[in-house]
Amino acid sequence: MKLSTLFTKSKKDVPAGETAKNAQLLIKAGFVEKEMAGVYAYLPLGKKVLDNITRVVKEEMNIIGGQEISLTALQPKELWEVTGRWNDDVIDVWFKTKLNSGGEIGLGVSHEEPLTALLKNYITSYQDLPVFIYQVQTKFRNELRAKSGLMRGREFLMKDMYSFARTEEEHQKLFTEAKKSYERVFKRLGLSDKTFFTTADGGMFSSDFSYEFQTVTDNGEDIIYLDRDKNIAVNEEIMNDEVLSKLGLKKENLEQLKASEVGNIFNLGTKYSKPFELNYLSEDNKLEPVIMGCYGLGISRVMGVIAEILSDDKGLVWPEEIAPARFYLINLGSDSEVIEAANELYKRLIDEGIEVLYDDRDVHAGEKFADADLSGIPYRVVISNKTVAQEKVELKPRLSSEPELLSIDKLIETFGVKL
RNA sequence: CGGGGAUUGGCGCAGUUGGCUAGCGCGCCGCGUUUGGGACGCGGAGGUCGGAGGUUCGAGUCCUCUAUCCCCGACCA
């Protein structure tokens, strides 16, 4: 993509009211636009990042056998009355509205009910289980106070996966697989150093604990207590002596940290399968309730968290897998040889299947460098009189301050698609 | 939902006790000079001051109501 044709541009100022670092940077760099509190539109570069995060998540869910579907955002009241969760005292963040033809509907806050109901049409035998089903969808929650930029929205993108097992033991197996896949996701997203498996309250989903992936950041909403040696944490909401001894943790080894919940996985047991009568016939011809699990991952929130914690004073820093492009290509100056060389390299990179954002604008070097840094694209490639004279290009990783000169062939050999 | 702050061109802001054609910076358009870290000169376009009502000869400025945004708290399935 050429920057001269990209309709967005970076800003020098950000709204004073926007204090969350993630929102400030993403708005400044032209990745998102705020529509209202907790509701953001994604612009071309931001949409690429969001899609890339989604891609990584889907790949990992698919590896463990996740089957992707897409449920509906419009939810009929009747479905949620089965579990009592239509009641505003139970779920107080519904966006509810009426159909012109009569019924009452809500915008999906989560999807346990519809999926459990749906599976009644397909799960009848022990031979139909186990199964992982997931979707990536916009969720709507009427938060009293949206805040922290992308980290607590009223409309946000979430991957929610559900597991369906025959027995508690089978559920545990699925749970462990899902947990591992989450660890791979956070590793690929560059968050693993700061993300910890955390035991938390089961909330209204479960009478047992729930488990969260908490990424340490000052802008987080949760407080966790981390045992660095054991690499596990406890959410403040369940911190007490009983829980600690159950988890084998000692108070004196714990470090108090602020964190943001980027993922949440837990056992639903038969909480939903019972009311919806989602049963299967066992080998010995007995009707048994399906054991369910739930695995959430806030994709747009993760994007906010990454913007928040991986950035530096110059701007965003995207991990390679999710960056909007691999290279930020700059032509320096207006000499025709330079521009020609840069244009040629741009074409070559496209031919080689390397994503590149080409800053072909007629602006000063400083502005291009500043935007290159701000955008967080992993590698900056500069074509100038100097590089043209030596028949080389200049390469600089986003976080490095030392550019290196190398030939175009070497560049492509290093970064091109391996066939 | 409680408390605090805010709303003035696309963005960031200023606008004294009410007073004349509402300013500044960024960005934008044109011409020229520049070109390895957000350059400069000259000339332009663009706002009716969140909304509604009121006080007044006169309201961006005062009063009432209202909407929205931000922060702290509560909430967070």
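Proteins get letters first, then strands, A, B, ... in listed order; numbering begins at 1 in each.
Among the atoms of the strands shown, base atoms are found under 4.0 Å from some heavy atom of A:Asp373. As judged by a 4.0 angstrom heavy-atom cut-off over every strand, A:Glu394 is placed among the base-contacting residues. Among the heavy atoms of the strands lying under 4.0 Å from A:Asp92 are primed sugar atoms or P, OP1, OP2 only; no base atom is included. A:Glu221 comes within 4.0 angstrom of a nucleotide base, judged by non-hydrogen atoms across all strands. A:Val109 comes within 4.0 angstrom of a base, heavy atoms only.
Between the P atoms of B:G2 and B:A45, the separation comes to 48 Å (whole Å). For the C1' atom pair drawn from B:C29 and B:G46, the interatomic distance equals 11 Å after rounding to whole Å. Across the C1' atoms, B:U8 and B:A59 are found 14 Å apart, a figure rounded to whole Å. Atom P of B:G10 sits at a distance of 13 Å from the matching atom of B:G50, rounded to the whole Å. If you take atom C1' in B:C65 and the same atom in B:G19, they sit 27 Å apart, rounded to whole Å. Rounded to the nearest Å, the gap between the C1' atom of B:G37 and that of B:G32 is 24 Å.
When each of A:Lys396 and A:Gly149 is assigned the nucleotide of RNA chain B with its nearest heavy atom, A:Lys396 is the one assigned upstream, toward the 5' end. A residue-by-residue look at A:Arg361 and A:Val14 shows that A:Val14 has its nearest nucleotide of RNA chain B further toward the 5' end.
Scanning residues 71-83 of chain A for heavy-atom distances under 4.0 Å to RNA chain B yields an empty list.
Using the six-membered ring where Trp is involved, A:Phe186 and A:Phe213 have ring planes that are tilted, between 30° and 60° apart.
Atoms CG (A:Leu144) and C1' (B:C70) sit 15 Å apart, rounded to a whole Å. B:C76 atom C1' lies 10 Å from atom CZ of A:Phe156, rounded to whole Å. Between A:Arg152 atom CZ and B:C72 atom C1' there is a gap of 13 Å when expressed in whole angstrom units. Remark: C1' of B:C29 and NZ of A:Lys9 are 11 Å apart, rounded to the nearest angstrom. Going from atom NZ of A:Lys368 over to atom P of B:A39 covers 13 Å, rounded to whole Å.
A salt bridge between A:Arg380 and A:Asp371 is absent, with no side-chain N of the basic residue lying under 4.0 Å from a carboxylate O of the acidic one. The existence of a salt bridge linking A:Glu112 and A:Lys271 is excluded, since no basic side-chain nitrogen approaches an acidic carboxylate oxygen closer than 4.0 Å.
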So which protein N/O to nucleotides 30-35 of chain B N/O distances come out below 3.5 Å?
| unit_1 | atom_1 | unit_2 | atom_2 | d |
| --- | --- | --- | --- | --- |
| B:U34 | O2 | A:His364 | NE2 | 2.9 |

